[in-house]
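These notes are about the structure you will find just below.
A note on names: the letters A, B, ... follow the listed sequences, proteins ahead of strands, and every chain is numbered from 1.
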There are 2 protein chains.
Amino acid sequence: MTSVLVIDDETALLRALRINLSARDYTVHTATDGVSGLAVMARDHPDIVIVDLGLPDMDGADVIAGIRGWSTAPIIVLSARGDEAQKVHALDIGADDYVTKPFGMNELLARLRAATRRIGPTTDEPVVDVGDFVIDLASKRVALRGGEPVRLTPTEWQLLEVLARHRGRLVTSRQLLQQVWGPAYESETHYLRVYMAQLRRKLEPDPARPRHLLTEPGMGYRLQDD
Amino acid sequence: MTSVLVIDDETALLRALRINLSARDYTVHTATDGVSGLAVMARDHPDIVIVDLGLPDMDGADVIAGIRGWSTAPIIVLSARGDEAQKVHALDIGADDYVTKPFGMNELLARLRAATRRIGPTTDEPVVDVGDFVIDLASKRVALRGGEPVRLTPTEWQLLEVLARHRGRLVTSRQLLQQVWGPAYESETHYLRVYMAQLRRKLEPDPARPRHLLTEPGMGYRLQDD
DNA sequence: GTCCCGCGCAAGGAAACCGTCAAGATCGCC
DNA sequence: GGCGATCTTGACGGTTTCCTTGCGCGGGAC
């Protein structure tokens, strides 16, 4: 889950952002001045920062510089002033985007998504560790506890990937078949049994008694971590 | 040196940008419509793209999508229309920034610098050492362990470069073909086999048993370091 | 106890994929 | 125009992977 730090002294805007961001599954941190903003930044390491340039206690540029001194998290600047010199300055000292007030909430959210997308692949939890084996989603690799890599066929990998992306949750047979084989194969539950057995043979310590690739009879499968 | 592709049908703006960007040591490519823009993109692989949404031949959104299909280069959108829905749509299909005309040249340049700065760290890993050979991305050279340089043809180099930029991660056949030969060659997997064999002959200690240029059957290839 | 359905397991043929070699076709340079 | 390097294209064998089928087991319904 992506976490966002909002630094702004307008409590109305802060509330609006908190509501909108929370509703979209962001974790939201807030601060109403530069000093506490930097403190929260240092303590919680949010993935993205939204900062107003018109803060009561510090120059907004100093806030940006203070963050950029040690973090590369995307910074989106909000400002009531739209003059070019200030935009250029803010961008040049490390801001990633600059939005002039008043702005539409949808635009800000879209710019936030764009920033998230850029950092996405790196911080999006590419590694899933379930105890007896480890799945690296970014590099498409699986290794047993102990480091020994496991060779998976493309279909095996796709199946495991879908399960890993829903780690802990139940995934219905229909959902799995649709994602791996396509919408036309929704009823070929046979395929699932065959490939699930192969995955268990390759990954489970005791394939007959799976500890992680669990069957939910009549429903589907679940990837369980310790 | 950073190269920029500008796609816009206003020749006056095109000229102004060419002058300003050249003066700041960017390499400038230009195109006046979507089709030729995508062609230049595929041929020259510029680092950053600036694209006007109001092109004569194509919907700007299709241009963005056409680029995002195979490239992660930053895209800055220019548009005469500033309505929020269009901004949101452009950003969501892959644009990195959205600037409304008329805009100040200094602001655009600052946003360009911000985009450049972002791609810097990722592509700025000049040397990749995999054990038996060393790839210098900046100077486009390869040398065996021991220092003996290896001559690669342009295509061989491009292929190796894509793999090196994803060092350790799996790169799908489609991705490789798109980046090296262009989006139209997605299914010519034959090329890959031929050139991968040539790379192995030139770089691997035992070409028949590759240790670094690995095949992942059915999925793609991976550059593995020791 | 018996039937029936869902699940796990094994095996084999068809199809897809990969590596290799080598012969045109193309391009750029002299 | 000729030459060399590079890029395409074709053919072939070996291997892997996928799909399909059949069978046995076990739990729940009746």
Side-chain angles (χ1 to χ4, degrees), chain A residues 140 142 149-163 170-174 176-182 184-222, chain B residues 42-43 140 142 149-163 170-182 184-222 224:
Chain A
K140 294 203 201 299
V142 192
V150 179
R151 263 189 48 76
L152 295 186
T153 72
T155 309
E156 287 163 6
W157 170 258
Q158 279 191 303
L159 192 55
L160 184 64
E161 184 175 3
V162 175
L163 288 168
L170 174 113
V171 189
T172 65
S173 303
R174 167 172 302 186
L176 284 168
L177 286 163
Q178 199 170 330
Q179 297 233 11
V180 177
W181 280 271
Y185 293 76
E186 264 186 20
S187 53
E188 303 285 342
T189 60
H190 234 94
Y191 294 3
L192 274 184
R193 290 200 286 280
V194 172
Y195 280 91
M196 202 58 69
Q198 287 178 0
L199 279 178
R200 294 207 252 246
R201 252 203 306 281
K202 290 186 179 180
L203 297 174
E204 290 277 2
D206 181 3
R209 297 181 175 254
R211 296 181 50 196
H212 306 104
L213 296 162
L214 304 184
T215 303
E216 301 281 345
M219 314 265 291
Y221 293 85
R222 176 202 310 278
Chain B
R43 194 188 63 214
K140 297 198 191 296
V142 194
V150 179
R151 257 194 57 75
L152 295 185
T153 72
T155 308
E156 286 164 8
W157 170 258
Q158 284 195 7
L159 190 55
L160 184 64
E161 183 177 4
V162 175
L163 287 168
L170 183 142
V171 190
T172 65
S173 302
R174 167 173 302 187
Q175 212 174 332
L176 285 168
L177 287 163
Q178 277 180 347
Q179 300 227 10
V180 177
W181 281 271
Y185 292 77
E186 258 185 29
S187 52
E188 302 286 340
T189 61
H190 202 105
Y191 293 4
L192 275 184
R193 291 200 287 279
V194 172
Y195 278 91
M196 203 59 68
Q198 288 178 0
L199 279 178
R200 293 207 252 245
R201 253 203 304 281
K202 291 185 178 181
L203 297 174
E204 289 277 2
D206 180 3
R209 301 187 181 259
R211 297 181 50 198
H212 306 103
L213 296 162
L214 303 184
T215 303
E216 301 279 349
M219 308 215 270
Y221 293 86
R222 180 200 306 277
Q224 171 88 357

Notebook entry, point to check: Whole Å only: how far is the CD atom of B:E188 from the C1' atom of D:dT8?
Noted result: 9 Å

Check: Roughly, in whole Å, what's the span from CD in A:E204 to C1' in C:dG8?
Finding: 14 Å

Next item on the list: Let me know the distance between CG of A:L159 and P of D:dC18, rounded to the nearest Å.
Entry: 11 Å

Notebook entry, point to check: What is the distance from CZ of A:R200 to P of C:dA10, rounded to the nearest Å?
Noted result: 13 Å

Next item on the list: Would you indicate, yes or no, if D:dT8 has its OP1 or OP2 atom less than 4.0 angstrom from a side-chain nitrogen or oxygen of B:W181?
Entry: yes

Notebook entry, point to check: Among D:dT17, C:dC9, D:dC7, which is the nearest nucleotide to the side chain of A:P154?
Noted result: D:dT17

Note to self: Counting neighbours of CZ on A:R222 that are heavy atoms of other residues, nucleotides or ligands and sit closer than 6.0 Å, is the number greater than 12?
What the structure shows: yes

Check: Going from CD on A:Q198 to CZ on A:R201, what distance comes out if it is rounded to the nearest 0.5 angstrom?
Finding: 5.5 Å

Checklist line | Whole-Å distance separating the CG atom of B:L199 from the P atom of C:dG19 | finding: 12 Å

Check: Under a 4.0 Å N-O cut-off, is there an ion pair linking B:E216 with A:K140?
Finding: no

Check: Between B:R151 and D:dT6, does any side-chain N or O lie under 4.0 Å from OP1 or OP2?
Finding: yes

Next item on the list: Mind calculating the distance between CD (B:Q198) and C1' (D:dA5) to the nearest angstrom?
Entry: 11 Å

Next item on the list: Check the distance between D:dC23's C1' and A:R193's CZ and give it to me in whole angstrom.
Entry: 13 Å

Checklist line | Euclidean distance, atom OH of residue B:Y221 to atom C1' of C:dG19 [Å, nearest integer] | finding: 8 Å

Next item on the list: Look at the side chain of B:E204 and the backbone N and O of B:R211, then say whether any donor-acceptor pair between them is shorter than 3.5 Å.
Entry: yes

Check: Does B:T153 make a side-chain N or O approach to OP1 or OP2 of D:dC7 shorter than 4.0 Å?
Finding: yes

Next item on the list: Give one of base, sugar-phosphate or nothing for A:T189, where a contact means two heavy atoms less than 4.0 Å apart.
Entry: nothing

Note to self: If you assign each of B:L152 and B:Y191 to its closest nucleotide in DNA chain D, which residue comes earlier from the 5' end?
What the structure shows: B:L152

Item checked: Contact under 4.0 Å: B:T215 side-chain N or O vs C:dC18 OP1/OP2 -> no

Next item on the list: Pick out which of A:L192, A:L214, A:L213, A:L170 makes a side-chain contact (heavy atoms from CB on, under 4.5 Å) with A:Y221.
Entry: A:L192

Item checked: B:E156 vs B:G218, nearer the 5' end of DNA chain D by closest nucleotide -> B:E156

Check: What nucleotide among C:dG8, C:dC21, D:dT17 has an atom nearest to a side-chain atom of B:R201?
Finding: C:dC21

